[in-house]
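Everything on this sheet refers to the single structure shown next.
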Amino acid sequence: MEFTASQIASFIDGKIIGDESALITGVSPIESGETGHLSFIAQDRFTHYLDSTKCSVIIVSESLITKNSYTPTIISVKDAYLSFQILMNLYQEMQGKKEGIENGSSIHETAMIGEKAYIGAFTYVSEKAKIGEGSQIYPQVYIGKGVKIGKNCKIDSGARIYDYCIIGDNCVIHSNTVIGGDGFGFQPTPEGFKKIPQLGNVIIEDDVEIGSNCSIDRATIGSTVIGKGTKIDNLIQIAHNVKIGENNVIAAQAGIAGSTTIGDWNQIGGQVGIVGHIKIGNQVKIQAQSGVNSSVNDRETLYGSPAINYNDYLRNYIHFRNFTEIVNRIKNLENNSKD
């Protein structure tokens, strides 16, 4: 696709500095710009590229503009990062969606497929499953018995959604993620560990995105719940009966043990481990690699393992780094006091 600078500015309510007719045929990172490409600058540390990039058009936050003219055409906006996201979403929408059922897929006669949905080759849709209008089910997806998938969802190749799980509208599930596998429930007996049947399901509410290679376990009874608007990175384990609220972000390799409840608008860093049967409040920030082993109040910021208040951790860590020196000083003081 080709766009002029003027057309691009009209999409994002931008003001042009330079050639309105400059033609764009692609996009580039600002560090490796190409002629005919579009990029953006949203931070001061990248403004030196305004004088060196080969990009033909650059979207720039208005607070960073210091001159009346530049070599590339500038589109001045309030927030360049947000404006660039808007453009990327518009471009994705222009690509259109697939529709129809490809050869090689298997759809049970009792399954219900909504209008304008797409079912890719070698996908299996089990009995009484329901797929909403406009949803995209890519090749080699497994959809279990009684599964309900809402409107305008995207389920990427290789994903597995087990029996009776429910997916809301506008959800994205990336490749090789498993929704609704058995929770890790075993009862110790003299003969060994006996499996506890996992009879619940997983409910994923609207506007949730789940990365690749995640595992979200079905509840023992009841439901494991992922709240509206929550975004989950790759390689994350969420155990049975966990309840996650709305608009959380969880970074890669985090693990949440069973029956823990997490509130709304939390930020959980990569490789965080959270024990089971605790409650995390709202607007909590947990730094990467922290281990949380007790309940957390609203608006806390945690770090360490076991995790403590972030500022306390930083102060204590300074002492830890100088621990040998501190011990030697104490020994010297003790020796001097004996003299």
Side-chain angles (χ1 to χ4, degrees), residues 1-96 152 154 170 172 174 206-209 211 228-234 246-252 264-270 282-288 299 301 303 310-311 314:
M1 293 185 181
E2 294 183 349
F3 298 94
T4 64
S6 178
Q7 288 173 318
I8 293 170
S10 69
F11 294 144
I12 55 177
D13 195 25
K15 177 182 177 182
I16 293 179
I17 303 173
D19 182 8
E20 294 186 353
S21 63
L23 194 64
I24 294 303
T25 59
V27 295
S28 294
I30 193 65
E31 301 91 336
S32 55
E34 299 180 23
T35 301
H37 279 203
L38 172 75
S39 193
F40 74 99
I41 293 177
Q43 297 179 3
D44 183 68
R45 62 194 178 101
F46 294 108
T47 54
H48 65 279
Y49 285 108
L50 287 169
D51 298 315
S52 61
T53 184
K54 294 181 180 179
C55 284
S56 298
V57 179
I58 307 175
I59 300 168
V60 183
S61 296
E62 58 188 22
S63 61
L64 303 177
I65 296 174
T66 59
K67 299 191 297 185
N68 293 324
S69 65
Y70 294 89
T71 299
T73 295
I74 303 299
I75 301 177
S76 173
V77 294
K78 185 175 181 179
D79 185 333
Y81 188 68
L82 178 60
S83 295
F84 198 74
Q85 289 183 55
I86 292 170
L87 287 177
M88 289 191 293
N89 282 318
L90 286 172
Y91 181 77
Q92 188 174 50
E93 290 175 9
M94 290 177 184
Q95 305 308 302
N152 300 313
K154 180 184 177 184
N170 309 310
V172 178
H174 289 277
D206 297 347
D207 304 309
V208 170
E209 181 157 349
K228 181 178 179 180
T230 286
K231 313 301 181 186
I232 296 173
D233 200 356
N234 304 324
E246 297 184 0
N247 297 305
N248 293 278
V249 288
I250 306 175
D264 303 331
W265 291 100
N266 297 297
Q267 299 177 37
I268 299 174
N282 304 308
Q283 301 180 50
V284 173
K285 296 180 180 178
I286 306 175
Q287 306 294 324
R299 291 177 289 279
T301 300
Y303 196 20
Y310 177 71
N311 291 322
L314 294 182

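Basis for what follows: all heavy atoms, side chains included, without hydrogens, waters or symmetry-related copies. Being a predicted model, the structure only gives us computed values, none of them experimental.
Contact check for T301 versus Q287: side-chain heavy atoms found under the 4.5 Å cut-off. Put simply, the side chain of I65 does not reach to within 4.5 Å of the side chain of K15, judged on heavy atoms. When side chains are defined from C-beta on, H37 does not count as touching K54, because their heavy atoms never get closer than 4.5 Å. With a 4.5 Å cut-off on side-chain heavy atoms, F11 and L87 count as touching. For the pair I24 and S56, the minimum side-chain heavy-atom distance is below 4.5 Å. Counting heavy atoms from C-beta outward, W265 and N247 have side chains that approach closer than 4.5 Å.
Listed by chain and residue number, nothing satisfies the salt bridge (Lys or Arg N to Asp or Glu O under 4.0 Å) test with D44 (two or more places apart in sequence, or in another chain).
Defined by atom type and a distance below 3.5 Å, a donor-acceptor pair is missing between the side-chain atoms of D206 and N170.
To the nearest 0.5 Å, the span separating CG on L90 from CD on Q95 amounts to 11.5 Å. Annotation: the span from Q267 atom CD to I250 atom CD1 amounts to 11.5 Å, rounded to 0.5 Å.
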Acceptor/donor pairs from residues 71-82 side chains to any protein atom, 3.5 angstrom cut, sequence neighbours excluded:
residue	atom	partner	partner atom	Å
T73	OG1	D19	N	3.1
T73	OG1	D19	O	3.2
D79	OD1	Y81	N	3.1
D79	OD1	L82	N	3.1

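The closest donor-acceptor contact from the side chain of T4 to the backbone of Q7 lies under 3.5 Å.
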